[in-house]
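In what follows, a structure is listed as structure tokens, so that the remarks can point back to it.
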Amino acid sequence: MKILVGWHATDAELARFRTAVPGATVVGPRPEPHLSRFDLTLESISNDISDADCFVGWVMPDGALDIAKKLKLICWMHTGCDELDLARLKTLGVQVTNLRGANSIPVAEQAMAILLGLAKRLLFKHQAVVNGDPLRVFANETRSAMLNDRTVGIIGLGQIGSAIAKRAKAFDMKILGVRLHPELGAGVADEVFGIDKLHHVLAQSDYVVLSTPITKKTEAFIGAAEIAAMKHGVVLVNVARGNLIQEKPLYDALQAGKIFGYGADVWWNYKNAYPATYHFPAPSRTGIQRLPNVIASGDQAVNADGVLDGNIDRCVESLVQFSNNKPLTWKIDLDLGY
């Protein structure tokens, strides 16, 4: 079996795959100049992906599937699989595993950091102090918002959303959850609703956090109508996918003050506008990241202590199962996309 590791891995990382699957040939991309060791170009893997049985990585360069003649498994190093051509993979008979749930704690922590940063206007207040104008922070219009006794609507109450709910509970917040299958329960949330009640939840929420997978049904599902349904002065946080939100209505709402602040660890993916090696390209077309009521953390939620090692462990588990013809615990449904 041949395993292609789709980043410029260290010798220690490659050794983990070789140790886990004895006898397997484990290779990485051809050395080339790169800004990040997680970048990947087609040229750097063209010789090896042609006969690779398994691919592990964050990026599948355009054209890779055209030459991957033996590929049977992709261990995708994300929770969301929207950047993969799932229909084509199904036709080719390629299975896909993902990282669902593996990063729920770091992503939940990032969501709370962004939410607190916006509510307490930390960037503005820090800059006021740096600029030698600390009295500005005492103005009525720069007063912090409270979390205590406020309502947060968590859109997507899976493992990440549930982890966010648990942390929001520590701030004595009321939690309303929205999930595709509300019959699965509310967990620590106070109430749970189906997607048909999205506007109902948005209208009650002082804070809204997006943590839902991106699918054909959820792509761009937060638009002008959904923003209009939100409370005036709402704080909106997105730790799922940038393309869940329509950018222009969001920009307009931030400019008008309808939305108090927007924070995101994710960004819009303008397909074919940037090199495939960049997972979340920036800047945005509207320049939304430059607005004073916006925090963008640049896909850094999982760039935290121990997360990469844990993600490699998850992929190793899938590779071991595959090599032993066992059911794949973390296999996704190629029709559903998760």
Side-chain angles (χ1 to χ4, degrees), residues 1-11 13-14 16-17 24-100 103 213-216 219 241-243 266-284 298-300 302-303 308 311-312 314-316 318-319 322 330-332 334 337-338:
M1 187 170 79
K2 183 175 181 178
I3 301 168
L4 173 57
V5 176
W7 70 92
H8 296 276
T10 65
D11 290 340
E13 289 168 349
L14 293 174
R16 291 173 65 180
F17 290 103
T25 299
V26 180
V27 297
R30 175 175 53 82
E32 61 178 6
H34 50 271
L35 295 175
S36 164
R37 74 186 188 100
F38 301 106
D39 288 352
L40 189 67
T41 63
L42 180 62
E43 292 74 19
S44 69
I45 61 171
S46 57
N47 290 336
D48 287 303
I49 198 167
S50 59
D51 62 347
D53 300 285
C54 306
F55 173 83
V56 184
W58 286 269
V59 176
M60 179 65 73
D62 288 342
L65 293 182
D66 295 331
I67 56 178
K69 303 302 182 183
K70 293 181 60 181
L71 193 63
K72 292 300 177 186
L73 175 67
I74 294 175
C75 297
W76 197 233
M77 301 281 277
H78 303 283
T79 297
C81 299
D82 50 298
E83 294 181 13
L84 291 171
D85 188 344
L86 300 180
R88 187 176 182 191
L89 291 173
K90 183 177 180 180
T91 299
L92 294 173
V94 179
Q95 302 180 90
V96 177
T97 62
N98 71 349
L99 295 181
R100 62 185 180 275
N103 297 328
I214 189 165
T215 65
K216 293 177 182 178
E219 184 164 6
R241 281 290 188 268
N243 288 32
V266 294
W267 213 245
W268 289 272
N269 187 352
Y270 307 119
K271 296 178 175 65
N272 302 319
Y274 289 82
T277 52
Y278 291 91
H279 183 55
F280 291 109
S284 72
D299 191 27
Q300 290 298 293
V302 297
N303 188 17
L308 177 58
N311 290 346
I312 291 175
R314 169 69 69 85
C315 292
V316 164
S318 293
L319 289 168
F322 177 79
W330 307 109
K331 179 180 176 180
I332 72 161
L334 295 177
Y338 57 90

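Throughout, numbering of the chain's residues begins at 1 and tracks the sequence. Worth knowing before you read on, the calculation uses all heavy atoms, side chains too, and leaves out hydrogens, waters and symmetry mates. A quick note: this is a predicted structure, and the numbers were derived from the prediction, not measured.
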On a heavy-atom basis, which atom in [X] and which in [Y] lie closest, and how many Å separate them?
| X | Y | result |
| --- | --- | --- |
| V266 | G242 | CG2-N, 3.4 Å |
| L334 | K90 | CD1-CA, 3.6 Å |
| H8 | P31 | CE1-CA, 4.4 Å |
| G337 | C81 | O-CB, 3.9 Å |
| W58 | W76 | O-CH2, 3.1 Å |

> Do N243 and R241 get their side chains close enough for a donor-acceptor pair, meaning under 3.5 Å?
Replying inline: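 The criterion, which ignores hydrogens and geometry beyond distance, is not satisfied for R241 and N243.
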
Heavy-atom side-chain proximity of [X] to [Y] below 4.5 angstrom:
| X | Y | answer |
| --- | --- | --- |
| R30 | T41 | no |
| L319 | L73 | yes |
| I332 | L86 | yes |
| R314 | M77 | no |
| D51 | K69 | no |
| F17 | V316 | yes |
| I49 | M60 | yes |

Distance from [X] atom [atom1] to [Y] atom [atom2], nearest 0.5 Å?
| X | Y | atom1 | atom2 | value |
| --- | --- | --- | --- | --- |
| K2 | K70 | NZ | NZ | 8.5 Å |
| T97 | F322 | OG1 | CZ | 10.5 Å |
| L84 | I74 | CG | CD1 | 5.5 Å |
| L71 | L4 | CG | CG | 9.0 Å |

> Which is it for D66 and R88 under the side-chain contact (heavy atoms from CB on, under 4.5 Å) test, yes or no, and what are the steps along the way?
Replying inline: CA-CA 10 Å; D66 295 331; R88 187 176 182 191; 2.6 Å; yes

> How would you list, by chain and number, every residue that makes a side chain to side chain donor-acceptor pair (under 3.5 Å) with N303, sequence neighbours excluded?
Replying inline: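 Result, side chain to side chain donor-acceptor pair (under 3.5 Å) vs N303: Q300.
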
>> So, using side chain to side chain donor-acceptor pair (under 3.5 Å) as the criterion, who are the partners of K72 when residues are at least two apart?
In response: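 Listed in chain order: nothing, the list is empty.
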
> Quick check: does any side chain N or O of W330 sit under 3.5 Å from a backbone N or O of N98, one acting as donor and the other as acceptor?
Replying inline: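 Side chain of W330 to backbone of N98: no pair is present.
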
> Looking at V5, L42, L40, N47, which hits side-chain contact (heavy atoms from CB on, under 4.5 Å) with P29?
Replying inline: L40

> In a check of side-chain contact (heavy atoms from CB on, under 4.5 Å) between V302 and each of N103, L308, T79, which one passes?
Replying inline: N103

> What orientation do F38 and W7 show, parallel under 30°, tilted 30 to 60°, or perpendicular over 60°?
Replying inline: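 Judged by the thresholds at 30° and 60°, the geometry between F38 and W7 is tilted.
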
> How about K331: does its NZ atom have over 12 heavy atoms from other parts shown lying under 6.0 Å from it?
Replying inline: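 It does not: K331 NZ has 12 such atoms or fewer within range.
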
